[in-house]
Structures are given as structure tokens and as C-alpha cells.
Amino acid sequence: MNLPKLSPRLRCAAEVVRQGAYIADVGTDHAYLPIVLLSEGKICGGVVSDINEGPIARAKEHIGACGMTELLTAKRCDGLSELEEDHPEDIFILGMGGELIARILSDAPWTKAPSIRLILQPMTHPELLRRFLLSEGYSIVDEVLVKDEKIYQIICAEYSGIPQHRAYSELELLLGREPLRRGGPLCEELLAHWRDVLSVRLAGKQKAGSDASEEERLLKQIGELTK
Ligand SMILES: C[S@@+](CC[C@H](N)C(=O)[O-])C[C@H]1O[C@@H](n2cnc3c(N)ncnc32)[C@H](O)[C@@H]1O
């Protein structure tokens with residue numbers, strides 16, 4: 001099998017891994033990420049998991065075809081439920097909803113170790129994932145935006161034991177503190193996207209007579225940043 005080529009989203013997540021780490025890739029599907037990282041000498045090995053039979057069979061097939069079965073283990077399981085014994089150092093959970101990523105981490109309290117790095121990419125509800133991480137004592141150590149059809153957020157977190165959710169604004173929970181601080185074209189595009197989404201939500205809630213104070217607050221913060 002020819003080595004797969006990573007999409008810009010997966011490539012961006014791959015850049016955050018620590019050199020020589022033993023990794024876990026949760027919800028791996030095709031296992032392209034660990035296969036490429038191993039072929040590039042960036043990781044020493046890893047364990048991949050997927051809850052579904054089709055994806056884990058596909059992952060095993062690709063790992064075997066690349067001659068990597070000695071270094072990449074594949075397990076069919078829910079999230080991190082069978083991965084503690086593998087002692088992963090860097091844990092990827094990419095391409096799932098923010099709520100599901102938070103649930104997977106919440107079911108694996110052993111990830112609350114300063115030596116473990118989490119590399120996360122929520123497809124939805126990044127604000128719920130950030131709130132979960134920060135209230136549980138994980139610190140967000142880096143965040144990157146990447147465009148790959150749409151704009152994705154990569155969140156890198158490590159356990160510090162210090163809850164910090166109250167120190168973040170609602171806008172920072174939604175878009176990330178670092179991307180907002182750095183600014184740039186992708187951040188501006190994301191702000192414009194959320195301005196549109198929130199404006200539609202606000203109009204809908206106002207029409208229905210329901211509480212739209214969250215949308216009003218967020219739109220005000222976006223307006224202050226983009227004026
Ligand atoms: C959209 S794919 C993402 C694949 C890859 N991580 C990526 O970002 O390209 C989501 C994968 O997560 C798997 N998945 C969903 N829920 C899961 C869970 N609770 N535990 C492990 N894998 C799960 C699905 O079977 C699917 O293969």
C-alpha cells in the first residue's frame with residue numbers, strides 16, 4: 001500500500017505531537033494519522049481505537065499493508081476504555097463532536113496526568129469541550145485554526161490541576177483564546193461565520209420570544225473585536 005497523504009486538518013493535528021511519543025488515536029477510522037507519523041519517524045508507536053467494526057477492520061488492514069503491526073496496535077472499544085494499559089503519552093481524538101470528546105475524557109480520568117498531551121479536534125460544540133477541559137483542570141497549551149473545506153480548531157491540552165473556566169470569556173470558549181489573540185485571516189473568517197450563525201439564532205429566538213441573551217452577548221463581543 002502506498003503511504004496515505006494527510007488532509008490539511010490531520011496534518012495540522014500531526015504537527016502538535018511530541019517527537020518520539022507513544023500515541024493513542026481514538027476514533028481512528030482509517031489509521032492514516034499514526035501510519036504517517038510512524039513513517040516520518042515522529043512517533044515510536046501507538047495504539048488506535050474505534051468503536052465500530054468497519055473502521056477498526058479498515059485500520060487493521062491499512063496498518064498490516066504498511067508492515068506496521070509490530071508498532072501499531074488496534075483495539076475495538078469505546079473511546080479510551082481499553083487504552084490505559086498502553087500508557088499513551090500523546091492522545092489524539094479528532095473528528096468527533098465536542099460533547100462526545102468530553103464524555104470520552106470524562107470516562108478516562110487517568111488522562112489527568114501532566115505527562116499526557118491531548119490533541120483534540122471537535123467537529124461541533126468546541127465551547128462545551130473547552131469548558132469541560134478547563135473546569136476539570138486541563139490547561140489549553142496551544143490552539144490552531146486550519147482550513148480544509150471549512151475551518152477546524154485543533155486544541156492541545158495538558159493537565160495542570162488548576163480549573164480555569166471562569167477566566168475565559170464566552171467568545172474564547174467558542175473560538176479559542178490563542179486564535180483570538182493571534183488574529184489573522186482564518187480567525188477573521190471564523191468570526192464572520194459565527195456572526196452569521198448567531199444572528200440567525202438571535203432572530204429565531206426573538207421571534208419565538210425565548211431568551212437570546214447568550215447570542216446578544218457573543219454578538220456584542222464579536223462586534224467589539226471586528227469594528
Ligand atoms: C468522522 S470519523 C474521524 C476519523 C479520524 N479520527 C479523522 O479525524 O479523520 C469518527 C470516527 O470515530 C469513531 N467513533 C465514534 N464514536 C466513538 C467512540 N465512542 N469511541 C471510539 N471511536 C468512536 C467512528 O466509528 C469513526 O470511525
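When a ligand or atom number is given, it counts from 1 through the structure's own listing order.
- When hydrogens are left out, the protein atom nearest atom 17 (C) of ligand 1 is Ile51 CG2, 3.5 Å; that is the closest non-hydrogen contact.
- Applying the 6.0 Å contact sphere to CD of Glu70 captures no more than 12 heavy atoms from other residues, nucleotides or ligands.
- Atom-to-atom distance recorded for Leu120:CG and Phe132:CZ is 9.5 Å, nearest 0.5 angstrom.
- To the nearest 0.5 Å, the span separating CG on Asp211 from CD on Gln206 amounts to 10.5 Å.
- Using a 4.0 Å cut-off to heavy atoms of Leu100, the atoms of ligand 1 that qualify are 16 (N).
- From Ile162, atom CD1 reaches atom CG of Leu134 across 11.5 Å, with rounding to the nearest 0.5 Å.
- Listed by number with element, the atoms of ligand 1 under 4.0 Å from a non-hydrogen atom of Asn52 are 24 (C), 25 (O).
- Note: Ile154 CD1 to Glu15 CD = 10.5 Å, rounded to the nearest 0.5 Å.
- Which of Gly54, Ser49, Gly27, Ala31 comes nearest to atom 4 (C) of ligand 1 through a heavy atom is settled by distance: it is Gly27.
- Checking only distances, Gly79 does come within under 3.5 Å of ligand 1, N or O to N or O.
- Using a 4.0 Å cut-off to heavy atoms of Arg103, the atoms of ligand 1 that qualify are 19 (N).
- Near Met96, meaning under 4.0 Å from any of its heavy atoms, are these atoms of ligand 1: 12 (O), 14 (N), 22 (N), 23 (C).
- Considering Glu143, His125, Glu172 in turn, Glu143 is the only one that fulfils the side-chain hydrogen bond (donor to acceptor under 3.5 Å, both in side chains) rule with Arg130.
- Taking every non-hydrogen atom of His30 and a distance limit under 4.0 Å, the qualifying atoms of ligand 1 come out as 9 (O).
- The aromatic rings of Tyr32 and His62 lie parallel to each other, with less than 30° between the two planes, well short of the 60° mark.
- Interface of Pro55 with ligand 1, defined as ligand atoms under 4.0 Å from a residue heavy atom, comprises 25 (O), 27 (O).
- When non-hydrogen atoms are compared, ligand 1 lies under 4.0 Å from neither the backbone nor the side chain of Ser7.
- Geometrically, ligand 1 and Leu10 share no nitrogen or oxygen pair separated by less than 3.5 Å.
- Annotation for Met96 and Val26: closest pair CE-O, 3.6 Å, computed over non-hydrogen atoms.
- Within 6.0 Å of CD on Glu53 lie more than 12 heavy atoms contributed by other residues, nucleotides or ligands.
- Distances between N or O atoms of Asp50 and those of ligand 1 include at least one value under 3.5 Å.
- Annotation: Thr28 places no N or O atom under 3.5 Å from an N or O atom of ligand 1; distance criterion only.
- With hydrogens left out, the protein atom closest to atom 10 (C) of ligand 1 is Gly95 O, 3.9 Å, a heavy atom.
- Residue contact check: Asp78 has heavy atoms under 4.0 Å from atoms 18 (C), 19 (N), 20 (N) of ligand 1.
- By the 3.5 Å distance cut-off applied to N or O atoms, Arg9 is counted among the residues near ligand 1.
- Taking 4.0 Å as the cut-off between side-chain N and carboxylate O, Arg182 and Asp142 count as a salt-bridged pair.
- For ligand 1, the atoms lying closer than 4.0 Å to a non-hydrogen atom of Cys77 are 20 (N), 21 (C).
- One finds the CD1 atom of Ile140 at 8.0 Å from the CG atom of Leu173 (value rounded to the nearest 0.5 Å).
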